[in-house]
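Comments concern the structure below.
Because only heavy atoms are used, hydrogens play no part in the values below, and waters and symmetry mates are left out as well, while side chains stay in.
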Amino acid sequence: MTDLRPESDFTAPHEYAPHPEWWHSADGEATEEEVGLLIGALVRALQPEYVVETGTHIGRTTVRIGEALRENGHGRAVSLEVDPQRALLARARVAAMLLKEQVEIREQSSLEFTPEQAIDLLFCDSPYELRPQEVRRYSAWLIPGRSVVAIHDWTSGIRGHYRDVREDVEQMRAEGLLEPIYLPTPRGLV
């Protein structure tokens with residue numbers, strides 16, 4: 001973990017996570033390592049056949065998803081990234097971990113992607129303004145009572161660059177799309 005820095009390098013303490021230094025991240029845009037481990041644990045526990053991740057970044061959480069699918073012995077994931085350089089780095093990371101059978105990284109917008117089957121786990125970590133649109137777009141592929149949606153970065157006011165998506169999440173709750181659980185990580189996980 002030598003390439004990880006304390007989350008406090010990127011995130012100020014706030015009421016939901018007063019100790020961001022307890023978490024670690026590769027950079028200010030990467031998912032916290034501990035949250036990536038949690039997403040991997042969800043894959044292990046939920047035994048999904050099909051996972052969709054939006055916002056691959058450099059593939060750290062993508063690898064966690066792939067490793068969990070490999071341990072499960074079934075399932076596959078599609079991870080979507082619009083930035084060509086990030087997609088290239090993530091593909092190299094996935095290839096280095098021998099996870100090509102479990103994970104496909106597509107250089108494609110999440111709003112243009114059409115899932116091939118029902119989504120068991122949707123992990124939204126693309127730009128903030130896209131996340132509510134993604135949940136609505138993919139709702140036709142989510143199975144009520146079975147599919148799990150995880151949305152990263154729901155907190156606000158963190159060094160001025162994160163948008164508070166709680167209002168969007170609560171609107172989706174009102175629409176019957178989600179039953180949220182807010183987890184108190186430095187940047188939040190719903």
Side-chain angles (χ1 to χ4, degrees), residues 1-7 9-11 23-131 133-135 137-138 141-142 147-153 183 185-190:
M1 281 215 245
T2 58
D3 60 339
L4 299 178
R5 294 173 26 205
E7 184 64 19
D9 287 355
F10 315 108
T11 306
W23 284 265
H24 302 85
S25 187
D27 61 47
E29 293 182 46
T31 300
E32 303 93 322
E33 183 68 10
E34 295 79 6
V35 171
L37 288 166
L38 177 59
I39 297 298
L42 282 173
V43 172
R44 284 290 287 142
L46 298 173
Q47 298 286 320
E49 281 297 319
Y50 191 55
V51 178
V52 174
E53 175 188 34
T54 68
T56 310
H57 190 256
I58 57 174
R60 295 182 72 88
T61 301
T62 311
V63 164
R64 297 288 188 196
I65 291 168
E67 289 171 335
L69 289 170
R70 181 170 54 203
E71 286 188 41
N72 288 352
H74 63 91
R76 65 188 183 91
V78 174
S79 188
L80 306 167
E81 177 57 59
V82 295
D83 182 281
Q85 185 63 31
R86 288 180 176 178
L88 185 66
L89 290 170
R91 280 189 195 101
R93 189 179 298 274
V94 165
M97 298 302 291
L98 306 174
L99 296 169
K100 285 183 169 183
E101 288 184 36
Q102 290 79 21
V103 178
E104 176 186 0
I105 296 173
R106 294 190 186 176
E107 196 175 310
Q108 183 177 11
S109 165
S110 60
L111 299 180
E112 294 174 1
F113 172 72
T114 300
E116 295 92 22
Q117 65 189 75
I119 300 171
D120 298 303
L121 175 62
L122 171 62
F123 178 48
C124 298
D125 203 10
S126 56
Y128 316 105
E129 64 276 1
L130 297 180
R131 294 171 195 179
Q133 295 174 62
E134 290 168 350
V135 173
R137 174 167 170 68
Y138 297 138
W141 289 274
L142 299 174
S147 297
V148 173
V149 176
I151 304 171
H152 193 227
D153 303 323
L183 302 179
T185 65
R187 290 180 264 157
L189 182 67
V190 177

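Contact of the Gln102 side chain with the Met97 side chain is not registered, since no non-hydrogen atoms from C-beta on lie closer than 4.5 Å. A heavy-atom distance below 4.5 Å is found between the side chains of Thr11 and Arg187. Residues Thr61 and Val35 are not in side-chain contact: their nearest non-hydrogen atoms beyond the backbone lie 4.5 Å or more apart. A heavy-atom distance below 4.5 Å is found between the side chains of Thr31 and Phe123. Counting only heavy atoms from C-beta outward, the side chains of Pro48 and Leu69 approach each other to under 4.5 Å.
Nearest approach of Thr54 to Ser110, heavy atoms of both residues: CG2-CB, 3.7 Å. Minimum interatomic distance between Ala95 and Lys100 (heavy atoms only, all atoms of both residues): CB-CE, 3.7 Å. Closest heavy-atom contact between Trp141 and Ser147: O-OG, 4.4 Å. Of all the heavy atoms in Gly40 and Ala68, the pair that sits closest is O-CB, 3.3 Å. Taking each heavy atom of Gln133 and Glu129 in turn, the nearest pair found is NE2-O, 3.0 Å.
Remark: side-chain polar atoms of Ser25 are not paired, donor with acceptor, to backbone N or O of Glu7 under 3.5 angstrom. Checking side-chain atoms of Glu81 against main-chain N and O of Ala87 turns up no donor-acceptor pair under 3.5 Å. No side-chain donor-acceptor contact under 3.5 Å links Asp125 to the backbone of Gly55. Between the side chain of Arg106 and the main chain of Val78, no donor-acceptor pair closer than 3.5 Å is present.
For the atom pair Leu42 CG and Gln47 CD, the distance stands at 12.0 Å (nearest 0.5 Å). Considering CD of Glu67 and CD1 of Ile65, their distance stands at 10.5 Å, rounded to 0.5 Å. Considering CD of Glu53 and CD of Glu104, their distance stands at 13.0 Å, rounded to 0.5 Å. Annotation: the span from Leu111 atom CG to Leu80 atom CG amounts to 10.0 Å, rounded to 0.5 Å. Of the inter-residue distances, the one linking Glu107 atom CD with Thr56 atom OG1 reads 10.0 Å to the nearest 0.5 angstrom.
Ser126 and Glu134 share a donor-acceptor pair across their side chains, judged by distance under 3.5 Å alone.
The aromatic rings of Tyr138 and Phe113 sit perpendicular, their planes meeting at an angle over 60°, well past the 30° parallel limit.
By the 6.0 Å contact criterion, CD on Gln117 is enclosed, its count of non-hydrogen atoms from other residues, nucleotides or ligands being greater than 12.
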inquiry  = Apply side chain to side chain contact (heavy atoms under 4.5 Å, CB included) to residues Val135 and Cys124 and explain how you reach the verdict.
reply    = CA-CA 8 Å; Val135 173; Cys124 298; 4.1 Å; yes
ask   = Between Glu34 and Thr185, is a side-chain hydrogen bond (donor to acceptor under 3.5 Å, both in side chains) present by the stated rule, with each step listed?
value = CA-CA 9 Å; Glu34 295 79 6; Thr185 65; over 6 Å; no
key: Test side chain to side chain contact (heavy atoms under 4.5 Å, CB included) applied to Asp120 and Leu46, step by step   = CA-CA 8 Å; Asp120 298 303; Leu46 298 173; over 6 Å; no
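Taking the side-chain hydrogen bond (donor to acceptor under 3.5 Å, both in side chains) definition, one finds that Asp83 meets it with nothing, sequence neighbours left out. Residues that satisfy the side chain to side chain contact (heavy atoms under 4.5 Å, CB included) test with Glu112, not counting sequence neighbours, are Gln108, Ser109. Every residue was checked against the side-chain hydrogen bond (donor to acceptor under 3.5 Å, both in side chains) condition with Arg70, not counting sequence neighbours, and none meets it. The side chain to side chain contact (heavy atoms under 4.5 Å, CB included) check on Leu121 picks up Val43, Val51, Val148, with sequence neighbours excluded. Looking at residues two or more places apart in sequence or on another chain, you find a side chain to side chain contact (heavy atoms under 4.5 Å, CB included) between Leu183 and Leu38, Ile181, Leu189. The side chain to side chain contact (heavy atoms under 4.5 Å, CB included) search around Arg93 returns Ile58, Arg60, Val63, not counting sequence neighbours.
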